[in-house]
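Okay, structure first, notes after.
All values derive from a computational prediction rather than experimental measurement.
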Amino acid sequence: MTVSDPHVVMIRPVVPQTSEGCAECLRLGTRWVHLRLCLTCGHVGCCDSSPMRHARAHAHTAGHPIVQSFEPGENWRWCYVDESMV
């Protein structure tokens, strides 16, 4: 984890709001490629390779900049504000 990213203070212990997939894609009936977990509130959204890019939209509208991969076997984190791994 990059300690110098000022947004890491927004990381909280979270419970995924859905384990079924991207919350918005499920509601809209659209598809996703990979999933991202918001580390501030637990929102599950789709990645930037997905058509709707809901994780990025959530980060910007909710002000929750850091996500973690919600893919099995992956545990990396990304800051949408700084566009970097944390």
Side-chain angles (χ1 to χ4, degrees):
M1 181 159 72
T2 304
V3 180
S4 62
D5 188 310
H7 303 103
V8 296
V9 299
M10 297 185 75
I11 294 174
R12 304 281 182 263
V14 297
V15 174
Q17 293 177 4
T18 178
S19 61
E20 305 298 314
C22 172
E24 291 85 358
C25 286
L26 289 167
R27 190 176 72 251
L28 297 169
T30 55
R31 66 178 187 85
W32 62 85
V33 178
H34 299 290
L35 299 172
R36 307 293 178 244
L37 174 66
C38 173
L39 293 180
T40 301
C41 73
H43 172 268
V44 177
C46 56
C47 70
D48 286 352
S49 296
S50 300
M52 305 298 279
R53 302 172 63 171
H54 288 122
R56 180 176 290 275
H58 172 80
H60 290 291
T61 59
H64 299 166
I66 299 182
V67 294
Q68 181 169 320
S69 175
F70 198 54
E71 295 297 312
E74 295 183 0
N75 64 0
W76 54 265
R77 296 173 175 181
W78 180 260
C79 177
Y80 284 112
V81 173
D82 295 322
E83 295 291 325
S84 64
M85 301 291 272
V86 293

CG of Leu37 to CZ of Arg77, rounded to nearest 0.5 Å, is 9.5 Å

Check whether Val81 and Val86 end up in the same hydrophobic cluster, where Ile, Leu, Val, Met, Phe, Trp and Tyr are linked by side-chain heavy atoms less than 4.5 Å apart.
no

Using the side chain to side chain contact (heavy atoms under 4.5 Å, CB included) criterion, which residues pair with Ser49? Sequence neighbours excluded.
Val33, Cys47

How long is the straight-line distance from CH2 of Trp78 back to CG of Asp5, given to the nearest 0.5 Å?
10.5 Å

If you compare all heavy atoms of Trp32 against all heavy atoms of Gly21, which two are closest, and at what distance to 0.1 Å?
CZ2-CA, 3.6 Å

Could you report the tightest heavy-atom contact between Ser50 and Cys46, atom names first, then the distance?
OG-CB, 3.4 Å

Does Glu20 CD have over 12 foreign heavy atoms under 6.0 Å away?
no

Measuring from Arg36:CZ to His58:NE2, what's the distance to the nearest 0.5 Å?
14.0 Å

Separation of His7 NE2 from Ile66 CD1 (nearest 0.5 Å):
7.5 Å

Salt-bridge criterion met for Arg56 and Glu83 (N-O under 4.0 Å):
yes

How close do Thr40 and Met10 get, counting heavy atoms only, and between which atoms?
OG1-O, 3.0 Å

Are Leu26 and Met52 linked, directly or through other ILVMFWY residues, by side chains that come within less than 4.5 angstrom of each other?
no

Quick one: closest heavy-atom pair of Cys25 and Arg31, and the distance?
SG-O, 3.6 Å

Check the pair His43 / Glu24 against side chain to side chain contact (heavy atoms under 4.5 Å, CB included), numbers first and verdict last.
CA-CA 10 Å; His43 172 268; Glu24 291 85 358; 2.8 Å; yes

Interatomic distance, Leu35 atom CG to His54 atom NE2 [nearest 0.5 angstrom]
12.0 Å

Given side chain to side chain contact (heavy atoms under 4.5 Å, CB included), test Cys38 with Gln17 step by step and report yes or no.
CA-CA 10 Å; Cys38 173; Gln17 293 177 4; over 6 Å; no

Here the pair of heavy atoms bringing Ala23 nearest to Thr18 is N-CG2, 4.2 Å

Exercise: identify the closest heavy-atom pair between Pro65 and Ala59
CA-CB, 4.4 Å

One should read off an interatomic distance between Ser19 OG and Phe70 CZ, to the nearest 0.5 angstrom, of 6.5 Å

